[in-house]
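First up is the structure itself, then whatever we jot down about it.
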There are 2 protein chains.
Amino acid sequence: MSHHRSDVVEHALEVLDRHGLADLSMRRLAADLGVQPSALYWHFANKQALLAAVADEVLRRGRRPVTAGTWDEQVTAEARALRDAMLAYRDGAELVATALAFGLATEDPVARLVDLIGDIPAARVAATTIMHFVLGHVGDEQMNAQAASAGAIVDDPLTRADTFSTGLGIVVAGIAARRTADR
Amino acid sequence: MSHHRSDVVEHALEVLDRHGLADLSMRRLAADLGVQPSALYWHFANKQALLAAVADEVLRRGRRPVTAGTWDEQVTAEARALRDAMLAYRDGAELVATALAFGLATEDPVARLVDLIGDIPAARVAATTIMHFVLGHVGDEQMNAQAASAGAIVDDPLTRADTFSTGLGIVVAGIAARRTADR
DNA sequence: ACCTGAACACCGTTCAAGT
DNA sequence: ACCTGAACACCGTTCAAGT
């Protein structure tokens, strides 16, 4: 029986979550779908395009409506939603980071952050700074989680949530300083 | 004739700079050295260890003595030095990011930043936030540089240096707010 | 519209053996 | 101390052909 693009993405998400990004190969995914590797190339031009579609789906599923509040509350909420979206799938941060870096994602979380930060000249730089922070922090979190599950280190989720808040607070405070300076 | 560990790293740096991280394979590097792929495993346990050694060398070559000045001037100078170090080699940021993420690097730029930020509870989080910013920004820069050399986009080095300064200023301002709050 | 079959040009890693 | 030779178990991608 035949598959859609969306079936492939759905299956890729499962392989990702169960085995990690390193094991998400075209050949393994094809085997998982009961299909030849070459069949995937009817749906996607190449592996990067497939991964971009998967990253988009991760971001789409994590999207939250904009909350009421001041700009900094909104930016903070958006950053937390992005963190949750990426934490929901194994290696989510690395996946999203590469998709964004290659410019293949259609979801654009940076654009949403730019809107929330508001009309200052540095809005774009500020938004990508937030995004870099979130990607970097969650990337570290997921690395540590993996090391911990391998028994290499002890991992405290409470501490991780705490450092995220503190780091995010630092960046948001920096943007606040910019905003008052720029008007 | 026989090689040292250091010869291998040196050669890897050349392959990296000429062909990029994606083309830096054990087999290609071995061919470049005039040696069988298996020979590399006498020098390094695996590819990750080899890449960590290369990342260490990139960081080592970019290291600068601590300058005089206030803490924020020193942190800014250190962040700029890290940027320059990674910009000096093609895909330097991605290389260093993965080495640091896997915890295999012996160079520890975050520890240096912690020292410069000083004795506040959030020093470690603040330092990794700076590091995430630098890695993310330079990673984007090197992606764009590659896209530009492929003729896909126009790339203005002046703008890139400018966004780096602005973004760094935001994070440093955020840390400054923390420092005054925490004492 | 969706897939097979077969091929091409690659990977990282191990291990006994050589000098 | 440093390397060869050969093998193992993989990759992504292309393309003619099938239904």
Side-chain angles (χ1 to χ4, degrees), chain A residues 1-16 18-56 90-91 94-95 97-99 101-105 143 146 150, chain B residues 1-16 18-56 90-91 94-95 97-99 101-105 143 146 150:
Chain A
M1 110 272 28
S2 69
H3 305 93
H4 273 112
R5 222 175 174 278
S6 58
D7 301 327
V8 179
V9 171
E10 179 61 43
H11 244 87
L13 239 14
E14 275 163 39
V15 174
L16 175 70
R18 254 205 292 276
H19 308 282
L21 188 57
D23 286 357
L24 178 49
S25 67
M26 298 299 266
R27 295 180 105 103
R28 187 192 231 286
L29 176 57
D32 223 75
L33 281 159
V35 111
Q36 294 294 318
S38 49
L40 297 176
Y41 291 83
W42 193 89
H43 298 281
F44 299 94
N46 49 43
K47 190 183 181 182
Q48 257 183 32
L50 183 271
L51 290 182
V54 178
D56 270 331
R90 168 124 75 127
D91 296 334
E94 201 186 334
L95 174 78
T98 57
F102 280 87
L104 297 172
M143 276 283 168
Q146 205 166 341
Chain B
M1 110 274 24
S2 69
H3 304 93
H4 274 112
R5 220 175 176 278
S6 57
D7 300 327
V8 179
V9 171
E10 178 63 43
H11 244 88
L13 240 15
E14 275 163 39
V15 174
L16 175 70
R18 256 205 291 275
H19 308 283
L21 189 57
D23 285 356
L24 179 49
S25 68
M26 297 301 265
R27 295 180 106 102
R28 187 193 234 286
L29 176 57
D32 223 74
L33 280 160
V35 113
Q36 295 293 319
S38 50
L40 297 176
Y41 290 83
W42 193 89
H43 298 281
F44 300 94
N46 49 43
K47 189 182 182 181
Q48 258 183 32
L50 184 270
L51 289 182
V54 177
D56 270 332
R90 168 126 73 128
D91 295 335
E94 201 187 335
L95 174 79
T98 58
F102 280 88
L104 297 172
M143 276 285 168
Q146 204 164 343

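Sequence lines set the chain letters: A, B, ... in the order given, protein chains first and strands last, and positions in each chain run from 1.
- Contact check, B:His3 against D:dC3: a side-chain N or O comes under 4.0 Å of OP1 or OP2.
- Nucleotide D:dT4 holds its C1' atom 13 Å from the CG atom of B:Leu40, rounded to whole Å.
- Judged as a side chain to side chain contact (heavy atoms under 4.5 Å, CB included), and not counting sequence neighbours, the contacts of A:Ser25 are A:Arg27, A:Arg28.
- B:Gln36 has its CD atom 11 Å from the P atom of D:dC3, to the nearest Å.
- Considering only residues two or more places apart in sequence or on other chains, A:Glu10 meets the side chain to side chain donor-acceptor pair (under 3.5 Å) condition with A:Arg61.
- The side chain to side chain donor-acceptor pair (under 3.5 Å) search around B:Asp56 returns B:Thr106, not counting sequence neighbours.
- Considering NE2 of B:His19 and CD of B:Glu14, their distance stands at 9.5 Å, rounded to 0.5 Å.
- Separating the P atom of D:dC2 from that of C:dA17 is a span of 22 Å, rounded to the nearest Å.
- Nearest nucleotide to the B:Ser38 side chain, out of D:dC2, C:dG5, C:dC15: C:dC15.
- Distance from the side chain of B:Val35 is smallest for D:dT4 among the nucleotides D:dT4, C:dT13, C:dT4.
- Comparing the P positions of D:dA9 and C:dA9 gives a spacing of 23 Å, expressed to the nearest Å.
- Atom CZ in A:Arg27 sits about 12 Å away from atom C1' in C:dG5, given to the nearest Å.
- In terms of modelled atom types and a separation under 3.5 Å, the side chain of A:Arg90 and the main chain of A:Arg18 share a donor-acceptor contact.
- Applying a 4.0 Å cut-off to non-hydrogen atoms, none of the residues of residues 44-55 of chain B approaches DNA chain D.
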Watson-Crick and G-U pairing of DNA chain D, under 3.5 Å, as dot-bracket with | and [ ]:
||.|||||...|||||.||
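- Sorted by residue number, the list of members of residues 19-26 of chain A with any non-hydrogen atom under 4.0 Å from DNA chain C is empty.
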